[in-house]
Student: 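Input: one structure, supplied below.
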Amino acid sequence: MAKAIDIGTSFIVGAQIKDGKEIFTSERDAFFSMAREDFAEEMLDDAGAKYLIRGKEIFVVGEDALKYCMITGNQDAYRRPMSMGVLNPGEEEAIPLIELLIEGIVGKASHPGEVIAATIPAAPLDAPSIDVTFHKIVLERFLKKLGYDVRILNEALAIIYAENPSVTEDHGVTAPFSGVGISFGAGMTNLVVAWRAKKLFEISVARGGDWIDESVSRVRNTPVGKVTHEKERNLDLSSIDPRNTLQLGLEIYYEELIRHVLRVFTEHFKSTQTTFTDPMEVVVAGGTAAVPGFIDLFRRVLDEQGAPIPIRNVRLGSDPLRTVAKGALVAAVSMEKKKLKAEAEAAKIKAEAEAAAKATATSAPTPPPSADELSDMLDVGA
Amino acid sequence: MTWIVKNTLKGTLSFRGLDLSIKAGDEFDLDTRPGRSAAEGSNQVIVAFEEGYLANVFKEPQPSSGPAPRGVATEGVSQAQIDASLDRFKDEVLSEIRSQRSTTEDASSSQLEDVRSSISQDMQELVGELKLVRDRFASVRGRIEVDNNLSEVEIKARLMFLDEQERELMKNFETVGRTVESDDGDVMDKADLLANL
């Protein structure tokens, strides 16, 4: 059965169907470096922690990296392989470490050519230096090495697949997988407008949860970790404590992030020739949108600022932290079904052609399309 | 006086000489029956502690005799004492981590550094403790393997019990990755819908 993986700046989330159930495995996208000592390796083995040895250093990866950071207080040794939604160019060790994390989460393909859908962001409009292509190629190559048939899709499009927003057209027909998907992640925010599962428009901005934390940290002269802690533990955007300066700062920057995304959406949508008359649904997901009160703030800002297309309603994904992975799994399962169907049809055509060739030895049959050729037609438009 | 012990096994623990049975997972006050001196002098109780079948929950010291006699320790430190010591240590580390969390709310950076260095030291001690405990497991294993008084079946059972104890100890360290099942269960339906578009 197909699998999916959402590789985010803060977390990597894997998804698969096992015994008829949807299973999600998440891992913190981080590593912690420590000196290589025999006993350290033994301890990590006993604890079942994932680690990688590079020369005289050990890199503990995932949630354990954060634990070691908290226990030792060594912030410098705690690093993140991803930055602003893509592989962190400042981290030389990033690639093998993220590969280790990915392999730990999805494992090798259970059969050759098993479909895996991996999500990536779109190239950000406000940060042209961020290299999405390099990120995409590295991940694609590694997943292929694990034996998968890799399909790449936009992370905001995955929200559309997971939540299935629909549009009711004038003549009463419902168009599934049609709406606006917005993924508010840690490193970036991605937006797509989809119509019947096809991506018609996409944008990305290099702002997300990390940008909010860093901005508040700067203006309040407070460590980023403390801001993040306040955001993750105590923030409720519908009831801000007016005496808490960090919460006030977070509210301001949350609002500014939403305004920025809607502003860029409006500016760039104007340049397309697309027109929508039927009101669409907006579905929002991602870790940054999981804060209580986010969706009400989004609705308020949207009412004030407007959008370039008519909006019917706004809702939060049912499980905002896993919505992208779930949508990628929907896409992967769908692609695998199509692939199997195409292979079965190809086999049938081949058998018929062979039968016809035997019957009329003089006429040459049309060669059937190969499975590879067919699989190339199965991309969902990522 | 009170001396509460706990049966850590999944079956009832019987001390025939003392006419005493403790059900699986139950706690029992050995001071009420058979009494402190009888319990401390019982070879069965000593072996039960040594092999980890019994764990100390609370042992009130005897009022006039100074520190409680270490009747359960036959060779160095007993399994139960190691467990109790590790539990205490774990609680201290956890309490330090919790205090660090609350400290970050208000404390100055110098106070934070103190907490961090203290935790770092605790971590090193924890590593040392664990190494010691694992060495002791190895030593007990060796002792059991060469004990001529034990039958082959007994040796096998005791070694299996030790393995279980060691696994329990190491479980304190959580492994990476969290797996959850979704309640939605609609991926296949949506995939069908998408495939048929």
Student: Look only at the side chain of B:Glu181 and the backbone of A:Glu22, and say whether a donor-acceptor pair between them is shorter than 3.5 Å.
Tutor: no
Student: Please classify the contact between A:Arg28 and chain B as side chain, backbone, both or neither, with a heavy-atom cut-off of under 4.5 Å.
Tutor: neither
Student: Which heavy atom in B:Lys190 sits nearest to a heavy atom in A:Phe177, and how many Å separate them?
Tutor: O-CZ, 3.6 Å
Student: Assess whether side-chain contact (heavy atoms from CB on, under 4.5 Å) is satisfied between B:Met188 and A:Leu329, documenting all intermediate values.
Tutor: CA-CA 9 Å; B:Met188 296 305 280; A:Leu329 185 61; over 6 Å; no
Student: Can you spot which of A:Val330, A:Val333, A:Ile160 makes a side chain to side chain contact (heavy atoms under 4.5 Å, CB included) with B:Leu194?
Tutor: A:Val330
Student: Nearest 0.5 Å, please: how far is CG in A:Asn164 from CG in B:Asp189?
Tutor: 10.5 Å
Student: Need one label for A:Ala162: side chain, backbone, both or neither, based on atoms under 4.5 Å from any heavy atom in chain B.
Tutor: backbone
Student: Tell me, side chain or backbone of A:Leu246 under 4.5 Å from chain B's heavy atoms, or both, or neither?
Tutor: neither
Student: Considering all heavy atoms of both residues, which atom of B:Ala191 and which atom of A:Ser334 are nearest to each other, and what is their separation?
Tutor: O-CB, 3.5 Å
Student: With a 4.5 angstrom heavy-atom cut-off, could you sort out which part of B:Leu193 is near chain A: side chain, backbone, both or neither?
Tutor: both
Student: Between CG of B:Asn196 and NZ of A:Lys341, what distance do you get to the nearest 0.5 Å?
Tutor: 6.5 Å
